[in-house]
Number of protein chains: 2
Amino acid sequence: MSTEHRFVDGYLLYLLARASSVASAEFHDQVRASGVSVAVWRVLASLKGTDGLTIGELTSSCLANQPAISKTVDKLVGQQLLTRTTDPDDRRRVWVELTPQGEARADELIARAQKHQDRLIAAIGLEEIDTLRTALTRLIDRAPAKK
Amino acid sequence: MSTEHRFVDGYLLYLLARASSVASAEFHDQVRASGVSVAVWRVLASLKGTDGLTIGELTSSCLANQPAISKTVDKLVGQQLLTRTTDPDDRRRVWVELTPQGEARADELIARAQKHQDRLIAAIGLEEIDTLRTALTRLIDRAPAKK
DNA sequence: GTTCAAAATATTCCTTTTCATATAATAATG
DNA sequence: CATTATTATATGAAAAGGAATATTTTGAAC
């Protein structure tokens with residue numbers, strides 16, 4: 001680099017993407033090292049604590065697109081980590097749930113995530129983290145609804 | 001959804017990813033509608049305002065991995081938006097620069113990005129945006145260095 | 001200066017994502 | 001209720017992305 005007065009360096013969307021990327025990099029490496037992709041981690045984590053989500057809810061929760069989720073769910077059903085059930089009241093919809101094995105896998109990963117977050121809080125400071133959490137939550141809530 | 005007490009809903013890395021995703025969605029749609037991928041937009045935007053970046057610098061700036069950048073640069077060189085030059089002093093390194101056409105393309109997109117950001121600031125409030133910018137910048141600076 | 005290690009980029013192969021569209025079910029309209 | 005529109009998910013071909021490794025060049029150690 002040389003002249004240094006780049007638009008991107010002050011651009012909010014770039015800061016957001018960069019912050020997300022650098023803050024997640026270390027944990028995502030751990031996730032992959034434990035044998036699951038980030039996409040799979042997101043599916044498992046999204047389902048944990050629910051009675052099941054539809055494909056559409058998973059799509060939104062995982063920040064992915066619908067075909068990608070359908071295929072990831074396919075794979076995880078094949079690995080007996082998830083089940084798929086057609087909704088009897090609306091047979092277009094499909095409910096996805098964790099199997100006991102899926103729960104176990106999710107629990108392991110969430111425990112790691114929790115530890116990682118604890119270290120992050122220790123390093124950055126709880127107060128600042130909370131400021132950030134608040135600001136991010138507001139941004140999320142006020143962002144233009146999709147589609 | 002039903003029981004609702006999900007780990008992910010309070011998880012900082014998830015809030016970051018989600019905030020980045022929802023805040024960027026609208027603009028990224030515009031970018032794609034104008035015929036370039038988000039990956040290409042990042043390369044063009046990263047180069048604008050520099051005298052050229054190496055593949056490695058682009059990799060880091062674009063939040064991508066090295067092979068992906070090599071391939072994207074290949075494509076853009078083919079479209080005459082970029083040039084590639086081997087560094088004479090260190091022939092392992094490759095400098096990537098915008099051509100005049102590439103500059104023009106970057107300028108258009110940056111103008112849109114700027115307008116989009118202005119609307120975002122108008123909607124959210126400058127004060128809150130600045131709080132966020134500060135917190136994100138600190139997070140980025142304090143995150144564990146990669147590799 | 002040879003040899004060995006490290007760094008920067010390219011390449012290969014394989015998985016995943018994406019785009020567009022298809023299919024199926026429900027809702028809305030006349 | 002028959003028709004049309006809308007919603008939810010699946011599928012298939014094409015593009016992109018990622019992991020591992022190869023290649024080339026530089027730097028270090030002796």
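All values below come from the heavy atoms of this structure, side chains included, with hydrogens, waters and symmetry mates left out. Each chain gets a letter, A, B and so on, in the order its sequence line appears, and its residues count up from 1.
Put simply, CG on A:Asp74 is 15 Å from C1' on C:dT15, counting in whole angstrom units. For the pair B:Asp90 CG and C:dA8 P, the interatomic distance rounds to 8 Å; values are reported in whole Å. Across the protein-nucleic acid pair, B:Ile55 atom CD1 and D:dT25 atom C1' stand 16 Å apart, rounded to whole Å. One interatomic measurement links the two molecules: CG of A:Leu76 to C1' of C:dT15, which rounds to 14 Å at whole-angstrom precision. Counting to the nearest Å, the P atom of C:dA8 and the CG atom of B:Leu58 are 14 Å from each other. Distance B:Arg32 CZ to C:dT18 P: 8 Å, rounded to the nearest Å. Summarising the geometry, the separation between CG on A:Asn65 and P on D:dG17 is reported as 13 Å, rounded to the nearest angstrom. In this structure, the CD1 atom of A:Ile69 is 15 Å from the P atom of D:dA8, given to the nearest Å.
No hydrogens or angles were tested; on distance alone, nothing pairs the side chain of B:Arg92 with the base of C:dT9 as donor and acceptor under 3.5 Å. Under 3.5 Å, the side chain of B:Gln66 and the base of C:dA8 form no donor-acceptor pair of N or O atoms.
Here the closest heavy-atom approach between residue A:Leu98 and residue A:Ala106 is recorded as CD1-CB, 4.3 Å.
The phosphate of C:dT23 has neither OP1 nor OP2 within less than 4.0 Å of any side-chain N or O from A:Arg91. Phosphate contact (OP1/OP2 of C:dA10, side-chain N/O of B:Ser70, threshold under 4.0 Å): present. Between C:dT17 and A:Thr72, a contact under 4.0 Å exists linking OP1 or OP2 to a side-chain N or O. Side-chain nitrogen and oxygen atoms of A:Lys75 include at least one within less than 4.0 Å of the OP1 or OP2 phosphate oxygen of C:dT16.
Between the side chain of A:Ser60 and the backbone N or O of A:Gly56 there is no donor-acceptor pair closer than 3.5 Å.
Each of C:dA20, D:dG18, C:dT11 was ranked by its minimum atom distance to the side chain of B:Ala68; first place goes to D:dG18.
Position along DNA chain C of the nearest nucleotide to A:Ala64 versus A:Asp89 favours A:Ala64 as the more 5'-ward residue. Nearest-nucleotide positions on DNA chain C place B:Val94 closer to the 5' end than the other of B:Val94 and B:Lys71.
Pairs passing the side chain to side chain donor-acceptor pair (under 3.5 Å) check and including a residue from residues 31-43 of chain A, sequence neighbours excluded, read A:Asp29-A:Arg32.
Salt bridge absent: A:Asp141 and A:Arg138 never bring a charged side-chain N and a carboxylate O closer than 4.0 Å. Contact check on A:Arg133 versus A:Asp130 returns a salt bridge, with a Lys/Arg side-chain nitrogen under 4.0 Å from an Asp/Glu carboxylate oxygen.
Across all strands shown, B:Ser37 has no heavy atoms under 4.0 Å from either base or sugar-phosphate atoms.
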